[in-house]
**Student:** 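A single structure is presented below for examination.
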Amino acid sequence: MEYLLLKGKQQINGTIKVNGAKNAAVAILPAALLTRETVEVDNLPKITDIDKIIQILKSLGAVVTCTGKRSISIDSSGVNSFCPPPSIVNKFRASYYFMGSLLGRFGQVEIPMPGGCNLGPRPIDQHVKGFTALGAEVELKHGIVKIKAKKLIGTHIYLDVVSVGATINIMLAAARAEGKTVIENAAREPEIVDVANFLNAMGAQVVGTGTDVIKIQGVQELGRAEHSVIPDRIEAGTFMIAAAATRGEALVADVIPKHLDSVIAKLREVGNEVEVGPDWVRVKGNSRLSPADVKTFPYPGFPTDLQAPMIVLLTQADGTSFVTENVFEERFNHLCELRKMGAKIKLGGRTAIIEGGHELSGAPVKALDLRGGAAFIIAGLISKGETRLEGVEHIDRGYEKIEERFKLLGVNIERRQQ
Ligand code: UD1
């Protein structure tokens, strides 16, 4: 078993280049199944979720070749199975993108319910609503979702919930459907725009991503494409919050600052200096931090994926802060462990009430999910004493060699084996 060991009272200081976006890459690779031609995808993060997607692609018959340090080519001409292996699918949430892509390619798919971080109930009813509206029959038997369509036909779909996964999955299934599909109340995340750019590079006709109405004119075939994944705004935000929480300074480079507007605004609101360049953001932490009211919302709201790191930052503010989770109502697994480190946090419904100004103390803690895990690193850095962080496998799903990344920012973290 691996764990991270870090000493407290360390300050972030340095420059870091952000990797490609996990949440875009995990949809783009399954989307490659929509064509029989070879596609090349660059700027992939080296994280375990991507390793698992590559394993699934290979198990379905695709030829995946490493073409560079961060790029692969995918030749799906030999893919002849629409049943991704349950043992891998079960392990992560984003495996649900094989529903849309295999349905689009073969008109059918058999796949177990996706696994992934436990953030409370994570239904897929809006995905199913979309597939059904496109003409598919969906049944769930013995934990396996079976989706089958004689023909996918474009239609109007109104999403009852703003869902990143459902928006992308419907785009994948509709790309080669007959006629036009309109998704209303679509999610607007930058990763959705990136997936659409990849689909369009293959010859799809998707317009309107980044707004809440997306139109997809189905085409018969998709072709070869090359694509470079956008920067990961959540990885960037994690380092920005870490700089602020440790009262350090970080130049976070190779980002699209517009994607970080809500994070930049909150960091400034609580008293940090944030300078914004064309493709970089510099955060300088202030010794005095004000409390804040933070509400997570779908993009362009404050990202739920940065809620846990933000709570850690607010434990250092002079006063009481309120953090309301509006996307995943039960996404507060991390509070228990943060309390072990001395954080004074109460939970009232979906709002965490954080009494700032108390020094945290290093402790043995366990990551229970991906982003909560990253938050414990920040908590360890500002604490007094040593923190031993277990559950690193959750962090490795979405952050590439996190200890190496933090070392680039001047802090000392070790990965050890037990
Ligand atoms: C994606 C991201 C995740 C991020 C989340 C919200 C990936 C792989 N993961 O997750 O990092 O935290 O967006 O930005 O991109 N919902 C339903 N029915 C559905 C689908 C969703 O009720 O069919 C609900 C969810 O329970 C949640 C909300 O809608 O309350 C938003 O979920 P969604 O945007 O779908 O999140 P994911 O795609 O799972």
Side-chain angles (χ1 to χ4, degrees), residues 20-31 45 47-50 52-53 89 91-101 113-133 138 140 145 147 157-173 183 185-196 209 212 229-230 232-238 259 262-263 295-310 324-334 350 369-375 394-395 397-399:
K22 163 188 170 281
N23 287 350
V26 293
I28 285 169
L29 299 188
I47 53 176
T48 57
D49 270 11
I50 294 295
K52 288 184 206 115
I53 288 183
V89 169
K91 291 200 172 85
F92 68 118
R93 177 86 181 156
S95 53
Y96 55 29
Y97 290 129
F98 284 97
M99 291 182 184
S101 66
M113 285 292 279
C117 286
N118 178 13
L119 312 177
R122 293 180 85 173
I124 57 162
D125 58 303
Q126 298 304 303
H127 304 236
V128 170
K129 178 177 177 174
F131 298 144
T132 311
V138 184
L140 174 66
V145 187
I147 312 173
I157 299 161
Y158 175 85
L159 292 179
D160 304 310
V161 183
V162 177
S163 160
V164 175
T167 301
I168 293 179
N169 242 338
I170 295 168
M171 269 169 35
L172 299 182
I183 311 173
N185 201 25
R188 292 181 281 168
E189 270 65 4
E191 293 76 20
I192 298 171
V193 179
D194 203 35
V195 176
T209 49
D212 57 7
V229 175
I230 56 165
D232 196 314
R233 65 196 165 95
I234 304 301
E235 192 200 29
T238 305
H259 295 171
S262 61
V263 184
K295 293 180 168 65
T296 68
F297 277 111
Y299 188 84
F302 190 89
T304 171
D305 285 349
L306 291 175
Q307 177 247 100
M310 197 65 192
T324 304
E325 176 53 63
N326 289 307
V327 180
F328 294 106
E329 55 185 289
E330 292 174 25
R331 189 178 202 168
F332 284 116
N333 276 336
H334 40 283
R350 334 177 126 202
D369 64 70
L370 164 58
R371 307 299 173 185
H394 292 290
I395 304 176
R397 285 191 34 231
Y399 292 93

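Counting convention: from 1, in listed order, for ligands and their atoms alike.
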**Student:** Considering distance alone, does some N or O of Asp305 sit under 3.5 Å from an N or O of ligand 1?
**Tutor:** yes

**Student:** NE2 of His394 to OG1 of Thr48: how many Å apart, nearest 0.5 Å?
**Tutor:** 10.5 Å

**Student:** Using a 4.0 Å cut-off to any heavy atom of Arg93, which atoms of ligand 1 qualify?
**Tutor:** 39 (O)

**Student:** Cation-pi check for Phe328 against Arg350: NZ or CZ below 6.0 Å from the six-membered ring centre and within 45 degrees of the axis, yes or no?
**Tutor:** no

**Student:** With heavy atoms only and a cut-off of under 4.0 Å, state how Tyr96 meets ligand 1: side chain, backbone, both or neither.
**Tutor:** side chain

**Student:** Under 3.5 Å, N or O to N or O, is Phe328 touching ligand 1 that way?
**Tutor:** no

**Student:** Show me which atoms of ligand 1 lie under 4.0 Å from any heavy atom of Gly165.
**Tutor:** 35 (O), 38 (O)

**Student:** Could you tell me whether Ala166 approaches ligand 1 through its side chain, its backbone, both or neither, with non-hydrogen atoms closer than 4.0 Å?
**Tutor:** neither

**Student:** Pair Gln307, Val327 - check side chain to side chain contact (heavy atoms under 4.5 Å, CB included), show working.
**Tutor:** CA-CA 10 Å; Gln307 177 247 100; Val327 180; over 6 Å; no

**Student:** Less than 4.5 Å apart, side chain to side chain, heavy atoms only: is that true for Phe98 and Val89?
**Tutor:** no

**Student:** What atoms of ligand 1 come closer than 4.0 angstrom to any heavy atom of Thr304?
**Tutor:** 6 (C), 12 (O), 14 (O)

**Student:** Given side chain to side chain contact (heavy atoms under 4.5 Å, CB included), test Tyr97 with His127 step by step and report yes or no.
**Tutor:** CA-CA 10 Å; Tyr97 290 129; His127 304 236; 5.6 Å; no

**Student:** Can you sort out which atoms of ligand 1 are near Asp125, meaning under 4.0 Å from one of its heavy atoms?
**Tutor:** 17 (C), 18 (N), 19 (C), 22 (O), 23 (O)

**Student:** Lys22 to ligand 1: N or O pair under 3.5 Å?
**Tutor:** no

**Student:** Should the pair Asp160-Lys129 be classified as a salt bridge under the 4.0 Å nitrogen-to-oxygen rule?
**Tutor:** yes

**Student:** Mind checking whether Val327 has an N or O less than 3.5 Å away from an N or O of ligand 1?
**Tutor:** yes

**Student:** Salt bridge check: are Asp49 and Arg397 linked by an N-O gap of less than 4.0 Å?
**Tutor:** yes

**Student:** Using heavy atoms and a 4.0 Å limit, tell me yes or no: is Val162 in contact with ligand 1?
**Tutor:** yes

**Student:** Heavy atom to atom 20 (C) of ligand 1, shortest distance: which of Ala21, Ala187, Pro123, Gly398 holds it?
**Tutor:** Pro123

**Student:** Can you tell which of Arg233, Lys22, His259 makes a side chain to side chain donor-acceptor pair (under 3.5 Å) with Glu191?
**Tutor:** Arg233

**Student:** For the residue pair Ser163 / Gln126, report whether a side-chain donor-acceptor contact shorter than 3.5 Å exists.
**Tutor:** no

**Student:** Ligand 1 versus Arg331, non-hydrogen atoms closer than 4.0 Å: side chain, backbone, both, neither?
**Tutor:** side chain

**Student:** Side chain or backbone, does Val161 bring an N or O within less than 3.5 Å of an N or O on ligand 1?
**Tutor:** no

